Amino acid sequence: MGLGVGPPGVRRGRLARACVAVVLGAGLLLGAGCGGDDAKGTGGGGASRFGQFDRPLIERRLRQLCPQCPPPVIAATPDADVQQQQLDTLITRGVDVLVLSAIDPKALRPSVESAHRAGIPVVAYDRLAQGPVSGYVTFDGATIGRLQGRALLTAMGKKADGGQIVMVNGAASDPNTAWFERGALSVLRGRVRIGKSYDTAGWRPENAYADMTGAIAALGPGHIDGVLAANDSLAGAVISAFDAGAVRPLPPVTGQDADLAAVQRIVAGRQYMTVYKPYGAEADAAVRMAVALGRGRPATSVATGTVDSPTTKRIPSVLLPSYPVTAGTVKDTLIKDGVYTFDQICTPGLRSACAKAGLTR
């Protein structure tokens with residue numbers, strides 16, 4: 001970009017325009033921007049959370065805050081090795097700021113260190129990367145875990161005291177997994193018995209399905225009173241395992257991300273709850289932090305606090321609130337905020353279930 005580099009991790013001067021590169025751990029197609037050829041990446045559909053919500057929100061907010069900035073480069077993949085290649089390509093290209101949702105934070109630490117040496121600030125997005133990141137934006141993971149735990153206890157009713165649950169957590173390589181789990185256990189510990197607890201490799205539903213099938217076989221189909229599933233994809237796999245085992249009635253199952261399929265399961269009474277995270281607020285904070293860094297201002301000009309990673313202390317951070325969603329609150333959360341329309345949720349086959357849940361136009 002023709003920019004001078006000062007001390008490690010610090011650009012000289014203020015930029016009127018910043019080239020922002022966004023590298024996400026999700027199935028997005030790579031978008032061109034900031035000049036030059038696309039970095040190599042794997043393609044995917046727009047059905048992922050990042051494709052449906054984060055990407056358009058980030059692009060729109062960047063246009064609003066920095067209309068003179070070129071469109072962001074957006075690269076995405078579910079593969080940590082490919083993500084490392086994407087990062088290294090973008091660092092070589094000389095982008096001004098990297099927004100990174102790291103698939104494997106530990107494995108990507110060398111790339112973050114390379115960016116730092118090249119004077120390119122890195123904003124960790126949604127999960128905390130290791131290495132000298134300049135800022136961090138996410139939703140408070142402990143709060144998410146507590147919301148899931150409290151909802152599960154409510155759904156379990158009398159079985160909330162002494163009942164047996166299964167925990168289907170996220171990937172062990174994702175720092176958010178332990179964060180969510182700690183929040184949930186702060187509510188569940190001492191109230192329920194945890195019959196089985198799994199870390200789901202790669203957050204992959206097929207792995208959650210296999211784990212849940214094993215839990216049903218080990219514990220017995222009539223001895224699982226609830227499932228703490230870390231997100232909606234895992235929740236869907238858990239419910240499929242119950243269906244395959246002809247487990248009835250379905251025990252309550254939690255989720256996270258407010259995926260449309262999960263919201264429909266909630267309305268239909270097959271999943272108890274999800275956690276709604278207003279992605280617009282996350283995208284806004286990340287873009288504001290990236291633009292500030294690209295213009296030579298510190299991340300503390302946007303941050304509201306600090307967090308520590310295994311490698312870096314007092315990282316300027318924004319931790320955002322999230323909200324529980326059950327059948328009775330879909331209208332006042334997701335529909336009210338314009339995440340989904342009534343018609344998207346209440347397809348013809350779900351109209352009677354929607355009416356029963358009080359979800360009407």
Side-chain angles (χ1 to χ4, degrees), residues 20 22 24-26 28 46-65 72 74 76 99-101 123-128 135-151 170 174 176 179-180 183-184 229-233 235 254-267 271-292 299 302-305 307 316-342 344-345 359:
V20 178
V22 185
L24 302 172
L28 271 176
S48 71
R49 170 208 145 170
F50 287 112
Q52 185 175 3
F53 297 113
D54 298 73
R55 177 176 186 158
L57 289 166
I58 288 169
E59 291 175 328
R60 182 166 63 247
R61 193 65 178 126
L62 183 62
R63 286 195 302 269
Q64 293 169 345
L65 288 179
I74 299 186
V99 178
L100 171 64
S101 176
V123 176
Y125 184 77
D126 210 63
R127 61 174 64 98
L128 185 54
Y136 178 39
V137 176
T138 194
F139 295 91
D140 189 317
T143 296
I144 290 169
R146 287 193 293 269
L147 292 175
Q148 292 173 323
R150 289 169 185 157
D174 184 343
N176 284 351
W179 203 9
F180 300 149
N231 76 1
D232 289 334
S233 294
T254 69
Q256 177 186 176
D257 291 334
D259 292 347
L260 179 57
V263 176
Q264 291 173 329
R265 288 195 299 266
I266 290 169
V267 169
Q271 179 174 326
Y272 180 68
M273 66 85 71
T274 188
V275 177
Y276 165 46
K277 301 181 294 187
Y279 302 126
E282 187 179 27
D284 171 70
V287 171
R288 285 191 293 116
M289 192 175 284
V291 169
V302 176
T304 56
V307 301
S317 302
V318 176
L319 302 184
L320 297 160
S322 50
Y323 307 93
V325 177
T326 59
T329 61
V330 169
K331 186 173 184 179
D332 291 334
T333 52
L334 301 175
I335 291 181
K336 181 180 178 181
D337 285 4
V339 179
Y340 302 118
T341 65
F342 173 87
Q344 284 177 305
I345 297 170
L359 187 55

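All figures in this text were calculated on a predicted structure; none of them were measured in a lab. Positions are given from 1, in the same order as the sequence printed here.
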In residues 321-332, what donor-acceptor pairs under 3.5 Å come from side-chain atoms, sequence neighbours left out?
from: Thr329; atom 1: OG1; to: Thr326; atom 2: N; distance (Å): 2.9
from: Thr329; atom 1: OG1; to: Thr326; atom 2: O; distance (Å): 3.2
from: Lys331; atom 1: NZ; to: Thr360; atom 2: O; distance (Å): 3.1

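Each of Glu282, Glu59, Arg61 was scored for a side-chain contact (heavy atoms from CB on, under 4.5 Å) with Val287, with one residue passing: Arg61. With Leu128 as the fixed residue, the side-chain contact (heavy atoms from CB on, under 4.5 Å) test singles out one of Thr138, Val307, Leu100: Val307.
Within the 4.5 Å cutoff, the side chain of Lys277 has no heavy atoms near those of the Leu320 side chain. Here the side chains of Val263 and Val339 are not in contact, with every heavy-atom distance at 4.5 Å or above. Looking only at side-chain heavy atoms (C-beta outward), Asp257 and Tyr279 come within less than 4.5 Å of each other.
When the side-chain hydrogen bond (donor to acceptor under 3.5 Å, both in side chains) test is applied to Asp54, the partners found at least two apart in sequence or on another chain are Arg49, Tyr125. Here Gln264 pairs with nothing under the side-chain hydrogen bond (donor to acceptor under 3.5 Å, both in side chains) rule; sequence neighbours left out. Considering only residues two or more places apart in sequence or on other chains, Thr254 meets the side-chain hydrogen bond (donor to acceptor under 3.5 Å, both in side chains) condition with none of them. Scanning for side-chain hydrogen bond (donor to acceptor under 3.5 Å, both in side chains) contacts around Asp232 gives Gln271, Thr274, with sequence neighbours left out. Remark: Phe139 pairs with no residue by the ring pair (Phe, Tyr, Trp, His ring centres under 6.0 Å) rule, at least two apart or across chains.
Judged by distance alone, with hydrogens and angles left aside, the side-chain atoms of Gln256 form a donor-acceptor pair with the main-chain N or O of Ala230 at under 3.5 Å. A donor-acceptor pair under 3.5 Å links the side-chain atoms of Tyr340 to the main chain of Leu260, judged by distance alone.
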- Evaluate the criterion side-chain contact (heavy atoms from CB on, under 4.5 Å) for residue pair Thr304 and Leu319; output intermediate values, then yes/no. CA-CA 8 Å; Thr304 56; Leu319 302 184; 5.9 Å; no
